[in-house]
**Student:** 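Below you will find the structure I want to go over with you.
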Amino acid sequence: MRKRTIDYLALLHNHIDTSQVPFSDRGSRLLLFRYPDKDAFYIKLAERLTQLDGNNEAYLNRPPFIQDLCLIDSEGNALECRVNSSPYCLSVHTPNGDFNIVFEDGQTIAFGLPPNIVCGLRFQVFPQYWHSSDQGGKFSSIRNLVYNSTGKVLINNITPVEGGYEVNFLIESGQDDAITIDIYPGDRNIPPNQPFSVMRSAAEQRWKKWFSKIPPVNRKYARTYAYAWWVMANNLISPQGKVTFEAMAPSKVGYVGLWLWDSALHSLAYRYVDPILARNQIQVMLDHQLPTGMLPDAVYDEGVVYTLDHPIPGIVTKPPILAWAVLKLHETDPDDSFLADVYMPLVRLNAWWFNMNDDNGDGLAQYNHPYSSGLDNSPLWDEGMPVESPDLNTYLCINMSSLAGIADILHLEEEAAMWRRRSKAIVERMVKHFWDPEAGLFWATKDRQPIKIVTPFNLYPLWTGLLPEKISKKLLEHLQNPEMFWGEYPIPTVARNDPKFEPQNMWRGPVWANINYFFIEALNKIGEKQLADQLRDRTLEVIMAQTDMYEYYDAETGSPPSKAVHTFGWTSAIFIDLAIQASKELEKNKEVKNGSRKRN
């Protein structure tokens, strides 16, 4: 009996709420939203544009580039509209007929017009940036914009408004006409006008091709799985400036650019559909490695983030998980030449952590900036930096174990043996310096004094697979305690019974998919498969309970807190990987069950 294939495009019909989630396209930096309270749209830019404003985070509050974009009738009146969405097209139903919106390419949005009527667009565009200073002022161009149509132009008025211009563009449409808006930096050859049906068909085929590559999963995961793959494509940005490869932003709204450990996690999903794209998530970060071996916190079009001035000034990076990700990519699509290319940069990164982040010389690395941990506002950093933490040194253990695996493949036997010795040695040092047998926890320390805040990071050394059995047993007891970490919504980032627990406050309590993922791997590594499966299934359920992919989830209700960013990258990537794992296991169990029935 043939299995029915899943139509992922159909599953996502009206799943994308453009009042909250940007309609965009693979590689594009254009984000189309509709206003939640009026019949109009706006367009934002997924760019930091730090040449306009040196504040790295100014983009979060920058107003839309295009505002109040209305579909208009022959009299210039804004049309009431109702929007149906799909991954490749927005169908906008109006009293005068249906408009359709697609991306022709990453810089061009096309509006298909109802046939044989007079209609058009009205919008306000704000192409300039200015600000005054004590000594004068500055005017800059933000982006260029070109609009045109394949139809007969009846009215084309551009009127100055405060801060920009209003465009009234009225067209007598034929059978297959469109209005296109191109937004781009610098010079660009504008694509020749095409019939809208050609642009729509091309957009549909792009998305069908994307979904045709994804591995099958059990139907119970299918809708969220489809949306996760849409996010994985929708959040990609094309090479530009410092972004040297096509790569995925964690969010085109809340996190514009590429982040170090996000990129490693994103690669885990891309390995199933495009191994080159997966490897490029690693390479784009290695392209900005400093001579010291340090890798940046983030990369964006105009710059690279090696330092921050908040919450304290200092150099900033992210946890060292690239070698771990590289080895996973190799398991799916072996490429010895890629391993050979990245091996020495990864060795230099490992050396940087020990050479530049071990002030007391005890062989355990420290965080010098809260954001280098990836756990930005964790209470572990409330008393200041530096902090020696079991999570960082566990990452380094996993990193060195992964380097051993890479060295084995490259036939560097002596180096592989050395990495394994060092992995074992760092676990022994963690037991000596961090382990508290009375509490049954690995404490982070500041000035050699324990930071007695209970978090899952106190349990992280489980992941090494190298702990004495009695220590592992104690950590597992804590992990399974519902008053601490287990329960309906595992694993909170601060223990539920700790005074610092805040279930909605970022890294002070909420559930994060990446932390759960690391623990699932840890549990499988130490032979706790039943627990690993429980955590995997509960993680999938928390994510599937929502219609979007969120940055983190309330540890008491499972719902996303108001500040959690949506269309979030690594939540999507992790859901994909876990859904594939779970589906393979369900299929295997089904085959075993069927085989047993046949024998009986």
Side-chain angles (χ1 to χ4, degrees), residues 12 15-35 41-50 52 56-67 69 85-88 90 101-109 142-143 181 183-185 203 206-207 210 227-243 245-260 262-263 265-267 269-270 277 280-281 284 298-303 305 547-552 560 563-573 575:
L12 293 178
H15 189 92
I16 301 160
D17 178 4
T18 52
S19 68
Q20 300 292 325
V21 175
F23 181 64
S24 189
D25 205 78
R26 177 174 177 171
S28 181
R29 289 167 172 78
L30 306 183
L31 312 176
L32 179 73
F33 293 87
R34 64 179 174 85
Y35 290 97
F41 300 85
Y42 60 95
I43 297 174
K44 300 195 74 170
L45 305 179
E47 300 182 77
R48 295 201 188 190
L49 301 174
T50 50
L52 304 178
N56 263 337
E57 297 181 352
Y59 71 91
L60 294 170
N61 300 307
R62 186 176 297 125
F65 183 72
I66 289 179
Q67 301 176 27
L69 190 157
S85 66
S86 78
Y88 67 91
L90 299 183
I101 307 171
V102 301
F103 276 77
E104 181 179 10
D105 57 35
Q107 297 175 319
T108 310
I109 302 177
I142 297 176
R143 284 290 175 258
I181 296 177
I183 300 171
Y184 58 94
R206 283 198 306 273
W207 282 97
W210 176 256
Y227 186 72
W229 277 114
W230 178 76
V231 172
M232 294 302 298
N234 198 57
N235 284 17
L236 283 166
I237 55 176
S238 59
Q240 182 171 296
K242 301 293 185 182
V243 177
F245 291 92
E246 183 182 33
M248 183 181 185
S251 161
K252 284 185 177 178
V253 178
Y255 291 97
V256 172
L258 319 173
W259 268 258
L260 180 56
D262 297 71
S263 295
L265 291 165
H266 297 161
S267 73
Y270 290 133
L277 180 62
N280 287 347
Q281 307 312 297
V284 72
V299 176
Y300 58 100
D301 294 345
E302 302 89 0
V305 178
T547 57
D548 206 338
M549 292 288 174
Y550 288 93
E551 184 182 13
Y552 51 88
K563 292 186 178 180
V565 171
H566 50 68
T567 59
F568 197 67
W570 76 33
T571 305
S572 301
F575 183 88

**Student:** Does Trp570 have its ring centroid less than 6.0 Å away from the ring centroid of Phe568?
**Tutor:** yes
**Student:** Less than 4.0 angstrom from a charged side-chain N to a carboxylate O is my criterion; do Glu47 and Arg143 meet it?
**Tutor:**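 Salt bridge flag = yes for Arg143 with Glu47.
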**Student:** Considering non-hydrogen atoms only, spot the tightest contact between Trp230 and Pro87 and give its length.
**Tutor:** CD1-CB, 3.5 Å
**Student:** Could you tell me whether the side chain of Ile43 reaches within less than 4.5 Å of the side chain of Ile109, counting heavy atoms only?
**Tutor:** yes
**Student:** Verify, without hydrogens or angle tests, whether His266 (side chain) and Ala573 (backbone) share a donor-acceptor contact under 3.5 angstrom.
**Tutor:**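 Not a single qualifying donor-acceptor pair exists.
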**Student:** Measure the spacing between CG of Leu12 and OG of Ser86 and express it to the nearest 0.5 Å.
**Tutor:**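 Going from the CG atom of Leu12 to the OG atom of Ser86 covers 8.5 Å.
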**Student:** Tell me the closest heavy-atom pair linking Lys242 and Tyr300, and the distance in Å.
**Tutor:** CB-O, 3.1 Å
**Student:** Parallel, tilted or perpendicular, judged at 30° and 60°: which one describes the rings of Tyr550 and His566?
**Tutor:** perpendicular
**Student:** Would you check, one step at a time, whether the test side-chain contact (heavy atoms from CB on, under 4.5 Å) holds for Tyr227 with Val21?
**Tutor:** CA-CA 12 Å; Tyr227 186 72; Val21 175; 3.8 Å; yes
**Student:** For Lys563 and Glu551: C-alpha separation, side-chain torsions, deciding distance, then whether side-chain contact (heavy atoms from CB on, under 4.5 Å) applies.
**Tutor:** CA-CA 9 Å; Lys563 292 186 178 180; Glu551 184 182 13; over 6 Å; no
**Student:** Under the rule for side-chain contact (heavy atoms from CB on, under 4.5 Å), what residues qualify as partners of Arg62, not counting sequence neighbours?
**Tutor:** Leu49, Ala58, Tyr59
**Student:** Could you check whether any side-chain N or O of Gln67 sits under 3.5 Å from a backbone N or O of Pro64, counting only pairs where one atom can act as donor and the other as acceptor?
**Tutor:** yes
**Student:** Write down the atom of Ala203, the atom of Val102, and the distance for their closest heavy-atom approach.
**Tutor:**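 That would be CB-CB, 4.2 Å.
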**Student:** CZ of Arg34 to OG of Ser85: how many Å apart, nearest 0.5 Å?
**Tutor:**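 Taking CZ in Arg34 and OG in Ser85, the distance rounds to 8.5 Å.
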**Student:** Could you walk me through whether Thr18 and Leu90 satisfy the side-chain contact (heavy atoms from CB on, under 4.5 Å) test, starting with their C-alpha distance in whole Å, then the side-chain angles of each, then the deciding distance to 0.1 Å, before giving a yes or no?
**Tutor:** CA-CA 9 Å; Thr18 52; Leu90 299 183; 3.9 Å; yes
**Student:** Can you confirm whether Thr547 sits close enough to Asp17 that some side-chain heavy atom of one is under 4.5 Å from a side-chain heavy atom of the other?
**Tutor:** no
**Student:** Between Lys44 and Phe33, is there a side-chain heavy-atom distance shorter than 4.5 Å?
**Tutor:** yes
**Student:** Roughly how far, to the nearest 0.5 Å, is the CG atom of Asn56 from the CD atom of Glu302?
**Tutor:** 9.5 Å
**Student:** Can you check whether Thr108's main-chain N or O pairs, donor with acceptor, with Asp105's side chain at less than 3.5 Å?
**Tutor:** yes
**Student:** For side-chain hydrogen bond (donor to acceptor under 3.5 Å, both in side chains), just list the numbers for Ser238 and Arg29, CA-CA rounded to whole Å, side-chain angles, deciding distance to a tenth of an Å, and then say yes or no.
**Tutor:** CA-CA 8 Å; Ser238 59; Arg29 289 167 172 78; 2.9 Å; yes
**Student:** What's the spacing between Ser572 OG and Met232 CE if we round to 0.5 Å?
**Tutor:**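 Output value for this atom pair is 6.5 Å.
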**Student:** Are the side chain of Ser263 and the backbone N or O of Trp259 linked by a donor-acceptor pair below 3.5 Å?
**Tutor:** yes
**Student:** Does the ring centre of Tyr35 sit less than 6.0 Å away from the ring centre of Phe41?
**Tutor:**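 Not close enough - the centres of the two rings lie 6.0 Å or further apart.
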**Student:** For Asn234, does its backbone N or O pair with a side-chain atom of Lys252 as donor and acceptor, under 3.5 Å?
**Tutor:** yes
**Student:** Roughly how far, to the nearest 0.5 Å, is CD1 of Ile181 from CG of Leu69?
**Tutor:**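 One gets 5.0 Å once the value is rounded to the nearest 0.5 Å.
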**Student:** Of all heavy-atom pairs between Leu31 and Pro22, which one has the smallest distance, and what is that distance?
**Tutor:**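 Between these two residues, the closest heavy atoms are CB-CB, 3.7 Å.
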**Student:** Between the main-chain N or O of Thr567 and the side-chain N or O of Asp548, is there a donor-acceptor pair closer than 3.5 Å?
**Tutor:** yes
**Student:** Which atoms form the tightest heavy-atom contact between Ala269 and Trp229, and what is the distance?
**Tutor:** O-CH2, 3.1 Å
**Student:** Go through Phe23 and Phe103 one step at a time and tell me if the ring-ring contact (aromatic ring centres under 6.0 Å, His included) criterion holds.
**Tutor:** CA-CA 9 Å; Phe23 181 64; Phe103 276 77; 5.6 Å; yes
**Student:** To the nearest 0.5 Å, what is the distance between CG on Leu236 and CZ on Phe245?
**Tutor:**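 One finds 14.0 Å between CG of Leu236 and CZ of Phe245.
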**Student:** Leu45 vs Leu30, test: side-chain contact (heavy atoms from CB on, under 4.5 Å). Steps then yes/no.
**Tutor:** CA-CA 5 Å; Leu45 305 179; Leu30 306 183; 3.8 Å; yes
**Student:** Test your reading of the model: is there a side-chain donor-acceptor pair from Gln281 to the backbone of Met248, 3.5 Å cut-off?
**Tutor:** yes
**Student:** Of all heavy-atom pairs between Leu258 and Ala249, which one has the smallest distance, and what is that distance?
**Tutor:** CD2-N, 4.1 Å
**Student:** Without swapping roles, check the side chain of Asp25 against the backbone of Gly106 for a donor-acceptor pair under 3.5 Å.
**Tutor:** no
**Student:** Check Glu246 with Arg26, please: is the shortest side-chain N to carboxylate O separation under 4.0 Å?
**Tutor:** yes
